[in-house]
Amino acid sequence: MNLATGGKAVVDAAGPLNIYTIGPSLDEPDDPDAWRRLVLSDVLARHLARSGAQVKVAVGLADLDDRTLSAARAANLSRADYVAGVLARIKARAQSLRLLPETIFEPASASVPQALDICRKLLGKGQAYEKLRSVYFDVRRDKRYGNMHLMDMDKLSVGKTVDLDDYVKDNPLDFTLLKRASLQDLKLGDVIETEWGNVRPSWFVQIAVAGLSALGRVDVLVAGEDHQFPHLENLRVVWSAAGVEPKAWLADRKLAREEGVALDLDALIAQTGNAGGLRLWLLSAAYRKPLSASQQSLSMWARNWHKVQETACGLRLAQGAGGNKGKDIPEDVAQAVFDLKAGLAQALEDDLSLHRYWPRLFTFVKLVNGWLSAGNFPGAAAALCLRQLEAADAVLGILDLSQMPVPGGSLPDAVRALVDEREAARKAKDFAASDALRARLAASGFRVEDTAQGPRVYALASV
RNA sequence: GGCGGCAUAGCCAAGUGGUAAGGCAGAGGUCUGCAAAACCUCCAUCCUCCGGUUCAAAUCCGGAUGCCGCCUCCA
C-alpha cells in the first residue's frame, strides 16, 4: 500500500483497522472524484475485512464550511435542513453503489465540542494562537510540518501570488482552526459561541474531528489528489494533537474529463449500464493515475462489465445442469481458478493495483466461455468457477446478483409452461408464435434469451 | 512565475534495463429465425521529440514540447 510520505506502508490486518475517507463536499454530493475515492476505500475495507481485520470505515463530511452554507442559502434552506437532505441523498447513493452497509457517514456538526477541545489543547500547548477572533495553527511550532513529501517546503514560494498584507496570520502557511463568523453567519445562526467569539471550525478541523468522532482512531486515510497539500499536513497536525497517527495515507487522482461527457453520477451510471458497471469503471485504472471519462472509455467498461456478468450467468446455469457425473475438476479448470484467485490477491496486496487484475479476469472469462460453449462442462467445474468469481466479487462488488438467470426448475409453473411452449414453437419454426410467447413472458416479468444450451430466463428488474 | 506528476496503437491501459500484457473499436471466419451473446484468426519492428549512459532502454540521465495537480477562494 502506498504511503503519501513516499514509500510503502504495510498495514497489519491482524487487529482492528479504521479507514477514513474524505467525502464529497456537501455542495456537490455527486462529485464523481469523491465517489471514486469512496469505492476505492470500500474495496480496501472489504479486502482487509476478508483478510481477517476488524475494519471500520467512515466518510468525513464537512457540513459547517462556507461551501455548505452558501449551498444551503442558495437553496433557501436552513443549514440543518440542507445538510439532512444531502446526507440522506449520499447514504442512498452509497447503498446503490454497494458500499458496505456499516460505512459511517459522519458530519462534522455532530462533534463541535470535540473540535473546540482540540483547539483549546493546541492553544494550551502554544501550537496555535488567536488573532482578531480567529484561531490559527502555527506551523513553525510543528517540526514535522512539511515532511510528508507532498511539497518541498523550502521551495514553496510563499506569498508569491498573495498580498501578505491581507493576511492577519503570522505566517502565510499557518492555517485556520476556527474562523470568525461573518455577519450573515451570525444573522442565520450558523455560528458557535466560544471564548474567542462567534466562530466556525475550519475545514481541516471539521474533517479531522469527524474522523476521530466516528472512528476514535484513523489508521488509513483515503484522500484525493487535490487534498495533498496542505490538507493532509494539516490533518496530520490536528490528529497528532489528539495522539492519532495514521499508518497510511492514500491519495487517488481525479477523472480525466472530456468535452461533452456529462459527469454527474446518474449520467455515468447510465453510460456504464448500472451500479456494478460504474464500480468497475471507477476501479478500472490505477488509482494513482487519472481515470479517463471519455465516451469510448465508459462504453468499453460497460461492455466489459456485461461480459463478466454474462459469464457468471452462464456458470450459474451450468453448475446445476446435466453433465455432473463425477466430481473430477479438469486440470485446466483448476489452473484457471487458481490463477484468478492468485491474481486478485496479488493485485490487492500490491497497492490495490486492480488494474493488473482485469486482464486476468478477462482471460478467465474467455476460458470459461470457451468451456461453456463447448457444452460438455462438468457441473462441478462450473460450480467451482462460479464460487471463485463470487469470492472475487465479495471484494469488488461489481456483479449484479439480482440479474442472474433463473434455472428452469425454479421458475413458476406457469412461466415454465410458456418457456416450454415457446421452445416447441421455435422447434416447429413457428416464429410468430415464439415472438408472441416472448412478449407474454415479458408481461409476466421474464426475459428470454436463446443459447445453444437452451433458453435462458431472467427475471426482469422489478421496477 | 515556483513545485510535483504524467506522456505507450483510433481509444483505454499494463509494462522501471533484456527485446511491447489485456480490453474497446475495426477486419475476416464459425455459430445464428429474430434478439442477445459467444468462440477462432488478424490488428504497435515500436513506446512525444532531441541528445547521453550501456553489450542491451519504452524503462536510467540531461534537455525540449504537451497535458494534469498544487502554490489563490472554500481552508
Side-chain angles (χ1 to χ4, degrees), chain A residues 25-28 62 64-71 134 136-137 149-163 166 169 172-179 200-207 224-232 234-235 251 253-258 280-281 284-286 288-311 313-314 347 353 355-363 365-375 425-432 434-435 438 447-453 456 458:
Chain A
S25 179
L26 294 197
D27 63 344
E28 203 185 341
L64 297 170
D65 63 344
D66 285 5
R67 291 177 64 160
T68 303
L69 292 181
S70 61
S134 290
Y136 299 99
F137 184 89
H149 295 211
L150 301 170
M151 184 79 55
D152 186 334
M153 298 302 284
D154 295 332
K155 291 183 186 159
L156 244 193
S157 62
V158 168
K160 184 90 186 175
T161 57
V162 195
D163 186 350
D166 288 346
K169 305 185 221 174
L173 285 176
D174 289 351
F175 63 92
T176 310
L177 294 171
L178 299 173
K179 180 186 177 179
R200 281 189 291 121
S202 73
W203 185 92
F204 310 112
V205 169
Q206 291 183 52
I207 292 294
E225 178 179 18
D226 44 10
H227 292 131
Q228 292 194 100
F229 186 86
H231 310 68
L232 263 37
N234 296 354
L235 285 178
R253 295 288 302 268
K254 304 179 93 165
L255 268 50
R257 287 139 214 269
E258 185 188 61
L280 178 61
W281 171 67
S284 65
R288 283 184 291 142
K289 293 225 181 160
L291 175 62
S292 167
S294 68
Q295 200 73 246
Q296 283 197 73
S297 176
L298 288 164
S299 70
M300 167 173 93
W301 285 100
R303 292 204 57 125
N304 283 337
W305 177 84
H306 198 76
K307 191 192 287 209
V308 177
Q309 174 82 7
E310 277 292 307
T311 297
C313 291
S353 54
H355 54 283
R356 290 204 287 250
Y357 169 70
W358 308 127
R360 306 267 211 137
L361 178 60
F362 296 141
T363 301
V365 159
K366 183 167 273 192
L367 281 170
V368 168
N369 285 341
W371 296 325
L372 242 27
S373 61
R426 288 185 64 227
K427 288 252 163 54
K429 303 222 184 291
D430 182 353
F431 299 122
S434 160
D435 289 345
R438 172 151 42 202
R447 176 168 58 90
V448 208
E449 282 176 14
D450 299 314
T451 71
Q453 282 75 43
R456 205 181 261 190
Y458 297 83

Write down the distance separating the P atoms in B/U59 and B/U19, rounded off to the nearest Å.
15 Å

B/U45 to B/C3 separation - C1' atoms, rounded to the nearest Å
39 Å

A/Phe175 atom CZ is separated from B/C74 atom C1', nearest whole Å, by 15 Å

Report the base-pairing partner of B/C39 (Watson-Crick or G-U wobble, both distances below 3.5 angstrom), or none.
B/G29

A/Lys179 NZ to B/C73 P: how many Å, rounded?
10 Å

For B/G17, what is the paired nucleotide under Watson-Crick or G-U wobble rules, both distances under 3.5 Å?
none

Round to a whole Å and report the spacing from CZ of A/Arg360 to P of B/G23.
14 Å

Quick check for you: to the nearest 0.5 Å, what is the distance between A/Phe175 atom CZ and A/Asn234 atom CG?
4.0 Å

Heavy-atom distance under 4.5 Å between the side chains of A/Glu28 and A/Arg67, does that happen here?
yes

I'd like to know if the side chain of A/Trp281 reaches the main chain of A/Ser299, judged simply by a donor and an acceptor atom lying under 3.5 Å from each other, with no hydrogens or angles considered.
no

Looking at every heavy atom in both A/Pro201 and A/Gln206, which two are closest together, and how far apart are they?
O-NE2, 3.0 Å

One character per nucleotide, please: for nucleotides 35-44 of chain B, 5' to 3', B when the base has a protein heavy atom closer than 4.0 Å, S when only the sugar-phosphate does, - otherwise.
BBSSSS----

Over all strands shown, is A/Asp435 touching base, sugar-phosphate only, or nothing at heavy-atom distances under 4.0 angstrom?
base

Backbone N/O of A/Arg426 and side chain of A/Ser434: donor-acceptor pair under 3.5 Å:
no

Interatomic distance, CH2@A/Trp301 vs CG@A/Leu280, rounded to 0.5 Å, equals 5.5 Å

Go ahead and name the base partner of B/G1; Watson-Crick or wobble counts if both distances stay under 3.5 Å, otherwise write none.
B/C71

On a heavy-atom basis, which atom in A/Ala251 and which in A/Gly224 lie closest, and how many Å separate them?
CB-O, 4.0 Å

Integer angstrom distance from the P of B/G4 to that of B/C43
42 Å

Provide the distance between the two C1' atoms, one in B/C47 and one in B/C6, to the nearest whole Å.
14 Å

Rounded to whole Å, how long is the line connecting atom CD of A/Glu225 with atom P of B/C67?
16 Å

Report the residues that fulfil salt bridge (Lys or Arg N to Asp or Glu O under 4.0 Å) with A/Asp430, sequence neighbours left out, ordered by chain and then residue number.
none

When the C1' atoms of B/A56 and B/G2 are compared, how many Å lie between them, rounded to an integer?
39 Å

With stacking defined as ring centroids separated by under 5.5 Å and planes differing by under 30°, is A/Phe431 stacked against B/G33?
yes

Sugar-phosphate means primed atoms, P, OP1 and OP2; the rest is base. With that split, encode nucleotides 9-21 of chain B 5' to 3' as B, S or - using protein heavy atoms under 4.0 Å.
-BSBSSS-----B

Given that A/Phe362 and A/Arg67 both sit by RNA chain B, which one's nearest nucleotide is further toward the 5' end?
A/Phe362

Rounded to whole Å, OH of A/Tyr357 lies from P of B/G23 at a distance of 15 Å

Under a 3.5 Å limit on both distances, the Watson-Crick or wobble mate of B/G66 is B/C6

Starting at NE2 of A/His231 and ending at C1' of B/C73, how long is that distance when rounded to a whole Å?
11 Å

C1' atom, B/U65 versus B/C73: distance in rounded Å?
32 Å

Mind calculating the distance between CD (A/Gln228) and P (B/G69) to the nearest angstrom?
13 Å

What does B/U59 pair with, Watson-Crick or G-U, if both distances are under 3.5 Å?
none

Any donor-acceptor N/O pair, A/Arg456 side chain to A/Thr451 backbone, under 3.5 Å
no

Sidechain-backbone polar pair: A/Ser292 side chain, A/Ser297 backbone, donor-acceptor under 3.5 Å:
no

Assign A/Ser25 to base, sugar-phosphate, or nothing according to its heavy-atom contacts below 4.0 angstrom with the strands shown.
nothing

C1' spacing across the pair B/G69 / B/G51, given as an integer number of angstrom:
29 Å

In whole angstrom, give the distance that lies between atom CZ of A/Phe229 and atom C1' of B/G69.
14 Å

Is a side-chain N or O of A/Thr311 found less than 3.5 angstrom from the main chain of A/Asn369, in a donor-acceptor match?
no

Using the P atom in both, what is the distance from B/A9 to B/G5, to the nearest Å?
23 Å

